[in-house]
A.B. asks: 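This is the structure I have questions about; it appears just below.
The chains referred to below are lettered A, B, ... by the order of the sequence lines, with proteins before strands, and numbering in each begins at 1.
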Amino acid sequence: DQQVKQNSPSLSVQEGRISILNCDYTNSMFDYFLWYKKYPAEGPTFLISISSIKDKNEDGRFTVFLNKSAKHLSLHIVPSQPGDSAVYFCAASEVGGSQGNLIFGKGTKLSVKP
Amino acid sequence: DTGVSQDPRHKITKRGQNVTFRCDPISEHNRLYWYRQTLGQGPEFLTYFQNEAQLEKSRLLSDRFSAERPKGSFSTLEIQRTEQGDSAMYLCASTRGTEETQYFGPGTRLLVL
């Protein structure tokens, strides 16, 4: 029973264009969401997060959108760069619930072509 | 501010052997997590420490697994009688106080032959 789903295993985008990575969740108790980027043989690197009291958070080229009614969030990268090529993980946590462990999706592999 | 460090980065062992991994969190981070990641999956929660107290364990953490954080600083994860199914990347993450963002180390990749 996957509580966080990333239904696209891979995405290919041209350099300079927008990359949109999607994530769905099923647990309505989740109230904090994060995106991590991971290169092979390295640990996940934190990118951006959003609390459920917001619907948008922006940091440079990265913007996360949250649609609570649809239990959906997305990560927009504009403009995409070849160095953005990596696996992106969506994660969620229940702030007031358990001990704060993160629930991850299976990841989406982004390839940005020059 | 140094990041989370893990040692070793790679470990190859034979089935039935014991292995131990170490994690040094970011200084002053009182919360420490262990996760396991297998191919094609996202990281899965194993266990959580707040200071030196182990407060939560996943059902993934069988009785062959044990974790400690003796002085509330570094942590160790031991796997006894390793099995081939234990082959995975073992990740450590830390955070502080009520902060929700966790910062991950580089991981230890375990291969059980």
A.B. asks: Answer with side chain, backbone, both or neither: which region of Gln37(B) has an atom nearer than 4.5 Å to a non-hydrogen atom of chain A?
C.D. replies: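 Just the side chain, heavy atoms under 4.5 Å.
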A.B. asks: Of the listed residues (Gln41(B), Glu44(B), Met89(B)), which shares the most heavy-atom pairs with chain A below a 4.5 Å separation?
C.D. replies: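 Among the listed options, the one with the most contacts to chain A is Gln41(B).
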A.B. asks: Can Tyr48(B) be reached from Leu34(A) by stepping across I, L, V, M, F, W or Y side chains whose heavy atoms are under 4.5 Å apart?
C.D. replies: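 Same cluster.
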A.B. asks: Do Ile77(A) and Leu47(A) land in one hydrophobic cluster if side-chain heavy atoms of ILVMFWY residues count as linked below 4.5 Å?
C.D. replies: yes
A.B. asks: Give a yes or no on whether Leu11(A) and Val112(A) share a hydrophobic cluster (residues Ile, Leu, Val, Met, Phe, Trp, Tyr; joining criterion: side-chain heavy atoms under 4.5 Å apart).
C.D. replies: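 They do share one cluster, since a chain of ILVMFWY contacts under 4.5 Å joins Leu11(A) to Val112(A).
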A.B. asks: Is it true that, when you exclude Glu68(B) itself, more than 12 heavy atoms of the residues, nucleotides or ligands shown sit nearer than 6.0 Å to its CD?
C.D. replies: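 No - once you tally the heavy atoms of other residues, nucleotides and ligands closer than 6.0 Å, there are 12 at most.
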A.B. asks: What part of Ala41(A) lies closer than 4.5 angstrom to a heavy atom of chain B: side chain, backbone, both or neither?
C.D. replies: backbone
A.B. asks: In the hydrophobic clustering (ILVMFWY, side-chain contacts below 4.5 Å, transitive), which residues join Val19(B), or is it alone?
C.D. replies: Phe21(B), Leu32(B), Trp34(B), Leu46(B), Phe49(B), Leu60(B), Leu61(B), Phe65(B), Leu77(B), Ile79(B), Tyr90(B), Leu110(B), Val112(B)
A.B. asks: Relative to chain B, which segment of Lys38(A) carries a heavy atom at a distance below 4.5 Å: side chain, backbone, both, or neither?
C.D. replies: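 Contact with chain B: side chain only.
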A.B. asks: Going by the ring pair (Phe, Tyr, Trp, His ring centres under 6.0 Å) test, which pairs reach into residues 64-89 of chain A, not counting sequence neighbours?
C.D. replies: Phe65(A)-His76(A)
A.B. asks: Shortest non-hydrogen contact from Ser93(A) to Glu100(B)?
C.D. replies: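 That closest heavy-atom pairing would be OG-OE1, 3.5 Å.
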A.B. asks: Is Tyr33(B) reaching over with its side chain to a backbone N or O of Leu102(A), donor-acceptor style, under 3.5 angstrom?
C.D. replies: no
A.B. asks: What pair of heavy atoms forms the shortest contact from Gly43(A) to Leu91(B), and how long is it?
C.D. replies: CA-CD2, 3.9 Å
